[in-house]
Amino acid sequence: MPELPEVETSRRGISPHIIGSHIIDVIIRQPQLRWKIPTDLLSHIQSRQLLSIDRRAKYLLLNFESGTLLIHLGMSGNLRICPLQSSVEKHDHVDFIFDNCLLRYTDPRRFGAILWLGLTPHDSKLLSHLGPEPLSDAFTGEHLFKLAGKRKIPVKQFIMDQKIVTGVGNIYATEALFMAGISPIRAAGNISTKRYNRLAEEIKVILTEAIKQGGTTLKDFVGGDGKPGYFQQTLHIYGKTGSHCPKCKVALKSLKLASRNSVYCPKCQK
DNA sequence: ACAGTAACCTGTTTGC
DNA sequence: TGCAAACAGGTTACTG
């Protein structure tokens, strides 16, 4: 499920229901996620007020008076608001119980994470090495060009590296490269500033549009308000290997990069 | 510094 | 139809 737009959609969906509320209890049914959920988590946030929810890259940062709780949705996680005493399904691993509702974390593959970062969250190893936010002014074609240097790594892997720019996952990397007309296997160090400007622009456009549409619904992703995302209807080539390129009608091809499927148009992307 | 791969999990799709 | 392999939105950690 979650690339940046899905995480942002979750943030916006859950925020109005729980910001300002206090944590009553935390129920951990399955502590074994990517890393074990700290056993003393409740002691950090019990009776504490949730002040705000930020997003950095694909991490959600729940800011309490006492410090920051990090939540990552991994490949298959989702967060949603439920009434108190909602019945529990398989993979509903954690409930954060507030005064009037609960925030439920569900994650079949358990690639996500729930960690306590305390009062200096940005010193955390997970956050301190991240590149710029793609929708910020710090993210530009110049930035990409500069970091690319002479690197030989395929550009698709380059823009999916969270140290280069955050929040661009397989779907949006595929789409942005298509829109910019750049082959996913072109060496990162072999792309002009001009083409990187175009790529940075396309990344911004696509992410902005995807957020506007509530994220991409794959499998059973729903935003924090339970509504599905509609961006999938807008995808141009992701998941469409073999069908006609929307620009030139040539059959779309795909290849593996770092064991991730990469769809591209052999004619439009050079 | 860089590039490539294995690893963490379960559910669904694909292929024989 | 049945079963096993392949594959899926992410990221770290390890290897050479």
Side-chain angles (χ1 to χ4, degrees), chain A residues 1-11 29-37 55-60 70-79 89-94 105-115 124-131 134 146-176 184-190 203 206-207 210-211 213-223 228-235 237-242 254-263:
Chain A
M1 163 192 54
E3 293 196 29
L4 185 147
E6 290 72 34
V7 178
E8 181 62 21
T9 297
S10 293
R11 188 185 74 79
R29 300 183 193 85
Q30 167 59 275
Q32 206 60 55
L33 304 181
R34 177 140 217 271
W35 299 286
K36 194 172 185 300
I37 299 173
R55 178 189 58 71
R56 176 74 175 105
K58 295 168 192 165
Y59 299 102
L60 286 172
L70 173 146
I71 300 179
H72 193 284
L73 300 175
M75 296 268 260
S76 57
N78 77 64
L79 282 171
E89 312 259 326
K90 198 177 178 185
H91 307 307
D92 289 345
H93 302 318
V94 181
Y105 177 86
T106 305
D107 185 3
R109 286 179 74 181
R110 290 193 267 136
F111 279 9
I114 297 177
L115 297 172
S124 144
K125 205 178 164 187
L126 289 179
L127 301 184
S128 60
H129 302 303
L130 293 172
K146 201 170 159 188
L147 290 193
K150 294 177 180 173
R151 292 183 65 175
K152 290 181 242 167
I153 188 177
V155 61
K156 176 159 176 277
Q157 286 167 252
F158 179 67
I159 60 170
M160 287 176 69
D161 181 341
Q162 304 297 297
K163 293 190 288 298
I164 306 301
V165 56
T166 64
V168 180
N170 202 33
I171 297 176
Y172 299 109
T174 298
E175 292 288 311
I185 53 171
R186 175 170 289 274
N190 191 18
I203 288 172
I206 285 166
L207 292 178
I211 290 170
Q213 297 189 30
T216 301
T217 292
L218 292 172
K219 305 287 179 189
D220 56 354
F221 172 74
V222 290
Y230 294 100
F231 192 74
Q232 188 169 26
Q233 299 159 21
T234 312
L235 295 176
I237 65 166
Y238 179 84
K240 297 185 178 178
T241 307
S254 64
L255 49 79
K256 290 268 177 232
L257 287 176
S259 73
R260 309 297 296 276
N261 195 36
S262 307
V263 186

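Just so it is clear: chains get the letters A, B, ... in the order the sequence lines come, proteins before strands, and each one is counted from 1.
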*Mind checking side-chain contact (heavy atoms from CB on, under 4.5 Å) for A:K36 and listing every partner two or more places apart, or none if nothing turns up?*
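Result, side-chain contact (heavy atoms from CB on, under 4.5 Å) vs A:K36: A:P31, A:Q32, A:T39.
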*Atom CG of A:L130 and atom NZ of A:K58: how far apart are they, to the nearest 0.5 Å?*
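Rounded to the nearest 0.5 Å, the CG-NZ separation comes to 10.5 Å.
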*C:dC3 and B:dC9, which share atom name P, separated by this distance in whole Å*: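 Taking atom P in both B:dC9 and C:dC3, they lie 26 Å apart.
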Run the side-chain donor-acceptor check on residues 153-168 of chain A: report pairs under 3.5 Å with partners two or more places apart or on a different chain.
| unit_1 | atom_1 | unit_2 | atom_2 | d |
| --- | --- | --- | --- | --- |
| A:K156 | NZ | A:N170 | OD1 | 2.6 |
| A:K156 | NZ | A:S262 | OG | 2.8 |
| A:D161 | OD1 | A:K163 | N | 2.8 |
| A:Q162 | OE1 | A:G167 | N | 2.9 |
| A:Q162 | NE2 | A:M160 | O | 3.1 |
| A:T166 | OG1 | A:P132 | O | 3.4 |
| A:T166 | OG1 | A:E133 | OE2 | 3.4 |

*When all nucleic acid strands are considered with a 4.0 Å heavy-atom cut-off, which category describes A:N261: base, sugar-phosphate, or nothing?*
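The answer is sugar-phosphate, as A:N261 gets under 4.0 Å only of primed atoms, P, OP1 or OP2.
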*Using a 4.0 Å heavy-atom cut-off across all strands, classify A:K256 as base, sugar-phosphate, or nothing.*
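Sugar-phosphate: the residue A:K256, judged by heavy atoms under 4.0 Å, touches backbone atoms but no base.
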Quick one: which protein N/O atoms are closer than 3.5 Å to N/O atoms of nucleotides 3-5 of chain B? Pair and distance per line, please.
| unit_1 | atom_1 | unit_2 | atom_2 | d |
| --- | --- | --- | --- | --- |
| B:dA3 | OP1 | A:K152 | N | 2.5 |
| B:dA3 | OP1 | A:I153 | N | 3.0 |
| B:dA3 | OP2 | A:R151 | NE | 2.8 |
| B:dA3 | OP2 | A:R151 | NH2 | 3.0 |

*Is a side-chain donor or acceptor of A:R56 paired with a backbone partner of A:L60 at a separation under 3.5 angstrom?*
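Answer holds: no.
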_Backbone of A:D92 reached by a side-chain donor or acceptor of A:R29 within 3.5 Å_ =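 Such a contact is found between A:R29 side chain and A:D92 backbone.
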*Can you list the residues that meet the side chain to side chain donor-acceptor pair (under 3.5 Å) rule with A:Y105, with sequence neighbours excluded?*
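Scan of A:Y105 (side chain to side chain donor-acceptor pair (under 3.5 Å), adjacent residues dropped) gives A:D107.
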Could you give the [atom1]-to-[atom2] distance, from [X] to [N], as a whole number of Å?
| X | N | atom1 | atom2 | result |
| --- | --- | --- | --- | --- |
| A:L33 | B:dA7 | CG | C1' | 16 Å |
| A:L257 | C:dC7 | CG | C1' | 16 Å |
| A:L73 | C:dG10 | CG | P | 11 Å |
| A:D107 | B:dG11 | CG | P | 11 Å |
| A:E89 | B:dT10 | CD | P | 18 Å |

_side-chain N/O A:H72 vs C:dT11 OP1/OP2, d < 4.0 Å_ =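 Looking at the OP1 and OP2 atoms of C:dT11, one of them is under 4.0 Å from a side-chain N or O of A:H72.
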*Is the aromatic ring of A:F111 within stacking range of C:dT11, meaning centres under 5.5 angstrom and planes under 30 degrees?*
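Base of C:dT11: not stacked against A:F111.
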_Identified stems (criterion: three or more consecutive Watson-Crick or G-U pairs, under 3.5 Å), DNA chain C_ =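 Counting only runs of 3 or more consecutive pairs, the stems involving DNA chain C are B:2-8 with C:10-16, B:10-16 with C:2-8.
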*Does any N or O donor sit under 3.5 Å from an N or O acceptor when you compare the side chain of A:R110 with the base of B:dC9?*
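Check fails, no donor-acceptor contact within cut-off.
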Review item, nucleotides 12-16 of chain C N/O atoms under 3.5 Å of protein N/O:
| unit_1 | atom_1 | unit_2 | atom_2 | d |
| --- | --- | --- | --- | --- |
| C:dT12 | O4' | A:R34 | NH1 | 3.0 |
| C:dT12 | O4' | A:R34 | NH2 | 3.3 |

